[in-house]
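Computed from a prediction, not measured in an experiment: that's the story for all the values here. Quick note on labels: first sequence line is chain A, next is B, and so on, each numbered from 1.
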Amino acid sequence: MKPSVPGNRLEPNTHYPPVPQTPSTLSIAVPDDFSLPIAVCSYGYFLLAPNRWDPDRQQLLRTLQGRRDRLIHIRLRQSGSRLTLACNQPLERAEQAKIKHQVIRMLRLDQDLSQWYHHCPAARRRGFGRLFRSPSFFEDVIKTITTCNVAWVQTRRMNSLLCREFGGGGFSTPHQLAATTPAQLKRKCRVGYRAQRIVGLARRVTEGKIDLEWFEHPHRHVEELMAALLKIHGIGLYAAASLCQLLGHYDHLAIDTETRRHYLTHIRRAQPASADDLRRLDREIEQYYARHGSYRFLAYWFELWQTYEKQRGKRSDRWSEPDADSFTTAQLGTSS
DNA sequence: GGTAGACCTGGACGC
DNA sequence: GCGTCCAGGTCTACC
């Protein structure tokens, strides 16, 4: 065991934004089928800093980037067909639009779910389909890199430290990460070998060598996106498929140990005997979900989400901070 | 094209 | 308290 770095001991939620006093309030109309708790708690990133879900008040707290990257603390609540955003500072008109745009992205409020609901009526009944994501694609990419080759509890720690050490409480921006060195990032945020990849990506973004807006264009083809994502150092098949999902393309499964565990435990009910079996298993998983066509990922995720709820014995929107470090079927299986 | 090993952290476990 | 093992996805060198 290596010695711990002084000052890096961190309770998971110590950096979290305070509940804002409310000098300004914004309102956003939401579709009839929208549920804030289900949208927020549908994907694990809601448990990563600087997001904070309050299950008792059914509200989301976090910081967003305002004008000139100043940090705005927001509190998000649903009241019928509207979302109310309480902000801790007065906002100019342009800044209001910027904040709203980020909230719409996080909750996928502009997404049409009719075809998905037609494909999966059970998802319609639960209002499931708007998987939670970050206010920016950059944050989604960094969060995805921090989920790779690491236990979930460490992913949580890395994101908390990224906010505390470089983001001033909000999530680190490309400029903040580009200005540091891999060695510093590694030392302060415990990201290990990912430091080189994270700083490298941030620098390529700030130098204009990678245009993240290109990825968000609505008419991009999924294979075009996969090819471009796989060119980014540190993004492999799993991460690229995850990022496609976060961009609204559900054609590819992001197969990881969690996927295999879920499939083996709940569908196939038999363990593979060898590494060769494991390779065959991945092909088998692909074939199993192929019937969902361009909704493979959503169908798999809905299945997994229902399993979490069943194992935890309560609705996912009731999950609280102590549950957050055990957000995998393996952990749920041993702790519930 | 397929495969083995390195990358890095922190929790679990044995002593 | 210390040392060792292990899990986790990606990259790279080698066959």
Side-chain angles (χ1 to χ4, degrees), chain A residues 1-12 14 43-45 47-49 140-165 177 180-202 204 210 225-246 252-265 271-283 285-286 297 300-301 304 322-335:
Chain A
M1 180 75 72
K2 295 176 183 65
S4 63
V5 176
N8 270 352
R9 289 267 174 238
L10 184 75
E11 290 303 314
T14 50
Y43 198 66
Y45 287 8
L47 294 167
L48 300 180
D140 274 338
V141 177
I142 301 301
K143 277 185 159 51
T144 300
I145 289 174
T146 65
T147 65
C148 290
N149 197 29
V150 77
W152 178 247
V153 63
Q154 281 172 268
T155 299
R156 299 235 308 143
R157 182 177 299 270
M158 287 181 216
N159 278 272
S160 294
L161 290 167
L162 279 165
C163 293
R164 191 182 80 177
E165 298 295 329
L177 289 173
T180 190
T181 62
Q184 268 193 321
L185 182 65
K186 185 173 166 180
R187 185 173 52 80
K188 290 186 173 180
C189 299
R190 318 304 294 158
V191 297
Y193 65 89
R194 297 165 197 81
Q196 194 83 45
R197 299 168 184 183
I198 290 171
V199 172
L201 173 65
R204 290 178 71 79
I210 292 180
L225 285 170
M226 281 293 282
L229 288 165
L230 288 168
K231 282 182 187 157
I232 299 174
H233 188 65
I235 304 293
L237 278 175
Y238 161 79
S242 288
L243 288 167
C244 277
Q245 174 280 113
L246 290 161
H252 287 274
L253 285 177
I255 296 180
D256 61 358
T257 51
E258 186 72 352
T259 319
R260 297 185 191 107
R261 190 154 42 221
H262 168 75
Y263 182 79
L264 289 169
T265 309
Q271 297 296 319
S274 65
D276 195 43
D277 273 4
L278 209 58
R279 280 186 290 279
R280 252 180 270 144
L281 176 64
D282 286 359
R283 287 197 292 273
I285 293 172
E286 291 282 3
F297 187 94
Y300 153 63
W301 202 257
L304 188 68
D323 299 321
D325 282 340
S326 59
F327 193 70
T328 65
T329 49
Q331 296 284 335
L332 290 172
T334 55
S335 63

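- Among the heavy atoms of the strands, none lies under 4.0 Å from Ile255(A).
- What separates CZ of Arg283(A) from C1' of dG2(B) is a distance of 12 Å, to the nearest Å.
- In this structure, Ala195(A) reaches neither bases nor backbone, as no heavy-atom distance under 4.0 Å exists between it and the strands shown.
- Closest to the side chain of Arg260(A), out of dG11(B), dG9(C), dC8(B), is dG9(C).
- Considering only heavy atoms from C-beta on, Arg260(A) comes within 4.5 Å of Thr257(A) through its side chain.
- Taking the side chain as every heavy atom from C-beta outward, Arg194(A) and Val150(A) approach each other to under 4.5 Å.
- Atoms CZ (Arg280(A)) and C1' (dT3(B)) sit 16 Å apart, rounded to a whole Å.
- Between Met158(A) atom CE and dG11(B) atom P there is a gap of 12 Å when expressed in whole angstrom units.
- Between dG8(C), dC8(B), dG9(C), one nucleotide has an atom nearer to the side chain of Lys186(A) than all others, and that is dC8(B).
- At a cut-off of 3.5 angstrom, counting only N and O atoms as typed in the model, there is no donor on one side facing an acceptor on the other between the side-chain of Tyr238(A) and the base of dG8(C).
- Side-chain contact between Tyr45(A) and Thr144(A) is present, with heavy atoms from C-beta onward closer than 4.5 Å.
- One can place CD of Gln154(A) at 4 Å from C1' of dT9(B), the figure rounded to the nearest angstrom.
- Atom P of nucleotide dC8(B) and atom CD1 of Ile145(A) are separated by 15 Å, given to the nearest angstrom.
- Of the side-chain N and O atoms in Thr257(A), one or more sit less than 4.0 angstrom from OP1 or OP2 of dG9(C).
- Under the 4.5 Å side-chain criterion, counting only non-hydrogen atoms from C-beta, Met226(A) is in contact with His252(A).
- Nearest nucleotide to the side chain of Arg197(A), out of dG10(B), dC8(B), dC11(C): dC11(C).
- Ile198(A) has its CD1 atom 18 Å from the P atom of dC7(B), to the nearest Å.
- For the pair Asp282(A) CG and dG9(C) C1', the computed distance is 12 Å after rounding to whole Å.
- Side-chain proximity of Ala239(A) to the nucleotides dG8(C), dT10(C), dC8(B) is greatest for dT10(C).
- Remark: Arg261(A) engages Glu258(A) in a salt bridge, criterion side-chain N to carboxylate O under 4.0 Å.
- At whole-Å resolution of the value, CG in Leu230(A) and P in dG9(C) are 16 Å apart.
- Side-chain atoms of Arg190(A) lie closest to dG10(B) of the nucleotides dC11(C), dG8(C), dG10(B).
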